[in-house]
Amino acid sequence: MKEKIGNIFNLSWHLAKVNFKLRNEGSYLGIFWYLLDPLLMFLVLYAVFSQNIGLQINHYPLYLLAGLIIFNFFSSVTSESASIISSNSHFIKSINIPAESLIFSLLFRNIFSHLFEIIIFCLFLAYFKLSVLGIIFYLPLFLLLFLFTAGISFILATLGVYANDLNNVWRFILQVLFFSSAIFYQYDPSITILKYNPLAIFINLNRQAFISLQKPEISWLFLILVSSVFLIGYAIFTKNKQKFAERI
Amino acid sequence: MFEPKPQITLQKAGKKFNLNLARKESALFRCLNFFSSKDRNKDEFWALRNITLNPRKGSIVGLIGKNGSGKSTLLKMIAGIYQPDEGMIKTEGEIVYLTGFGQGIMPKLTMKENIYLIGTLLGLNKKEIDEKYEEIVEFSELKNYENSKIYQFSSGMVSRLSFSTTILCLKRKNPEILLIDEALDAGADLSFKNKALEKIEELIKGGATVIMASHDLATIEKYCDMVLWLEKGEVVKKSLPAEVIPEYIKESQKNY
């Protein structure tokens, strides 16, 4: 058992490194895209909203960037996971590898780029003369985000084997989530969609930690939700993974 | 007398595939099909049926048959990549599955990166691959190309690299089961083929049970203790090579 987990971890880590390298293959700016992607999005939203919605929000640039970074992690992992099994069919069909490692490698690779974004965020904090100590609270929050994202990815990866349309459907859902997660406007728990959107809750908790330096208040209900998403996703995936090789 | 326990046991194993015909994929068809229960099972296709096999430990079984007769499906089922839909398959010990089609090779990576990738896919960690790296490069005879990317390789080079890496990245020195799926038919030249066969012989001497699928009847005849002739997923004949191969050749020529 211990050997098996070590094996999955080792393989996921290696695949993450390989794909990180492959993504930058043949592009001029290479690794800088990891910085540029979120920054460009930030600049656009900032230019549009800083003089209206943003005026009522304290430290609006930080507020906006924190939202974008958290959302970006979730969306870049899940948007790829729907097609991850079929795009790695050459592995699945010829080597008996643990299929979970494809999902974990996707998560690990996005942690690399997430780290870059966190570094930018810390630079922002320093520029606005705020403490970077909030990062202590951030670590357990990230663990929860990781589990939640992994659970959703497991479900998407399994469904994606059976229906290619899932990619398009999920892209649309991500867009809906983007506008309903209080990324660029004020978070208000009295609005139903914000109260029940897990991403909005994640983003709000992270802002509490980073910007207000408060210990994030995580409700039991939320903890149970996150862990059950992970467990259910993982169960669905492992139950179906033996059928993947013949479906793709 | 002491009978060694077989490492591979297949009992009436079978595998079916659902044929995904284009019309079946469309939404309209699915909706119609949802309401009418007829012809739901019509497009099933049994790739293998009723395969019973339990080779002695250390024996070499050859698989012959036309394209699409189920050779690869059988090997993939033993390797655990496919699950049987009927009957049962039991294996014991480490399984090595070799194919000649550059399994897991990434064309955009260099040869060195590919060796590390395949090694990791086969369950080795970095240190273990470090130890075997030199030997792999030497065996593949591709010393000067370590840092070239694979898409510039010829297909023979890819097949050499793939074989060398897989066979030398074995977790233990002696795998219990070796499955060879035309690993030596695709692209490698004669001198490499002989070298590769030598390596396989070494593994056989170490006590591995081997199942090999090949179109190279001379190799099958030379090495195998038993030959399984498959046709449309079913066993036509299972016997000594000297009995099966002439008949298979006769049958193939007749159809021609």
Side-chain angles (χ1 to χ4, degrees), chain A residues 1-27 30 85-102 104-105 108-109 160-166 168-169 238-248, chain B residues 15-20 25-27 30 45 47 72-73 75-85 91 94-110 113-114 116-129 149 151 162 165-166 169 171 177 179 181 183:
Chain A
M1 186 67 192
K2 197 180 154 205
E3 195 197 332
K4 205 179 143 208
I5 291 173
N7 220 340
I8 291 177
F9 180 82
N10 186 26
L11 180 56
S12 315
W13 183 251
H14 194 90
L15 283 173
K17 277 197 293 189
V18 165
N19 285 321
F20 189 80
K21 205 176 228 163
L22 283 177
R23 208 190 109 160
N24 299 319
E25 264 275 325
S27 83
I85 301 294
S86 45
S87 59
N88 284 289
S89 59
H90 54 292
F91 291 146
I92 301 268
K93 280 180 107 75
S94 71
I95 307 172
N96 197 6
I97 55 165
E100 305 72 330
S101 45
L102 292 173
F104 284 121
S105 85
F108 289 159
R109 173 156 58 87
V161 173
Y162 298 93
N164 273 333
D165 329 44
L166 186 65
N168 305 349
V169 175
T238 37
K239 194 155 178 281
N240 286 288
K241 69 176 180 178
Q242 291 180 321
K243 288 267 169 201
F244 289 167
E246 58 194 80
R247 284 274 174 184
I248 46 176
Chain B
K15 176 82 213 155
K16 73 170 180 224
F17 291 108
N18 293 317
L19 292 180
N20 273 332
E25 299 253 293
S26 71
R30 281 186 193 176
F45 162 74
S72 293
T73 308
L75 290 177
K76 281 187 179 176
M77 223 159 56
I78 299 171
I81 296 170
Y82 291 160
Q83 306 300 314
D85 287 312
T91 55
E94 194 190 353
I95 303 174
V96 180
Y97 174 67
L98 281 169
T99 97
F101 309 109
Q103 61 192 138
I105 296 253
M106 302 273 255
K108 285 273 180 187
L109 293 177
T110 67
E113 288 163 339
N114 263 299
Y116 277 87
L117 176 62
I118 298 174
T120 318
L121 286 169
L122 295 173
L124 269 62
N125 61 34
K126 189 172 176 303
K127 219 181 103 207
E128 289 166 318
I129 305 172
K149 300 209 166 151
Y151 69 88
S162 165
T165 316
T166 319
C169 277
K171 199 117 208 237
I177 299 168
L179 306 170
D181 191 357

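Keep in mind the model is a prediction, meaning the values are calculated, not measured. Protein chains get the first letters and strands the later ones, always in sequence-line order, with residue 1 at the start of each.
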Per-residue contact mode, [X] against chain A (heavy atom under 4.5 angstrom):
{"X": "K16(B)", "answer": "backbone"}
{"X": "N114(B)", "answer": "neither"}
{"X": "K108(B)", "answer": "both"}

Practice task
Counting only heavy atoms closer than 4.5 Å, note whether I97(A) contacts chain B via side chain, backbone, both or neither.
Solution key: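 When you check distances to chain B, only side chain atoms of I97(A) fall under 4.5 Å.
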Problem - Y97(B): partners by ring-ring contact (aromatic ring centres under 6.0 Å, His included), with sequence neighbours left out - result: none
Practice task
Return the option, out of P98(A), S94(A), S101(A), A245(A), with the maximum number of heavy-atom pairs under 4.5 Å with chain B.
Solution key: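 With the most close heavy-atom pairs to chain B, the winner is S94(A).
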Problem - N-O pairing of E246(A) and K76(B) below 4.0 Å - result: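 So E246(A) does not pair with K76(B) through a salt bridge.
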Practice task
Assess the pair Y82(B) and F17(B): is the distance between their ring centroids shorter than 6.0 Å?
Solution key: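 Y82(B) vs F17(B): aromatic centres under 6.0 Å.
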Practice task
Measure the spacing between CG of L179(B) and OG of S72(B) and express it to the nearest 0.5 Å.
Solution key: 11.0 Å
For residues 9-23 of chain A, which side-chain N or O atoms pair as donor and acceptor with protein atoms under 3.5 Å away, sequence neighbours left out?
from, atom 1, to, atom 2, distance (Å)
N10(A), ND2, L124(B), O, 3.1
S12(A), OG, I8(A), O, 2.5
N19(A), ND2, L15(A), O, 3.2
K21(A), NZ, E113(B), OE2, 2.9

Problem - chain A interface, residue from T166(B), L122(B), L109(B) that has the most non-hydrogen pairs under 4.5 Å - result: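 Ranked by heavy-atom pairs under 4.5 Å with chain A, first place is L109(B).
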Handout entry: Most chain A-contacting option - heavy-atom pairs closer than 4.5 Å, from T73(B), I118(B), L121(B), N125(B)
Key =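 Top count of heavy-atom pairs under 4.5 Å with chain A: L121(B).
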Completion exercise
For K15(B) and M77(B), the nearest pair of non-hydrogen atoms, with its separation, is CB-SD, 3.5 Å
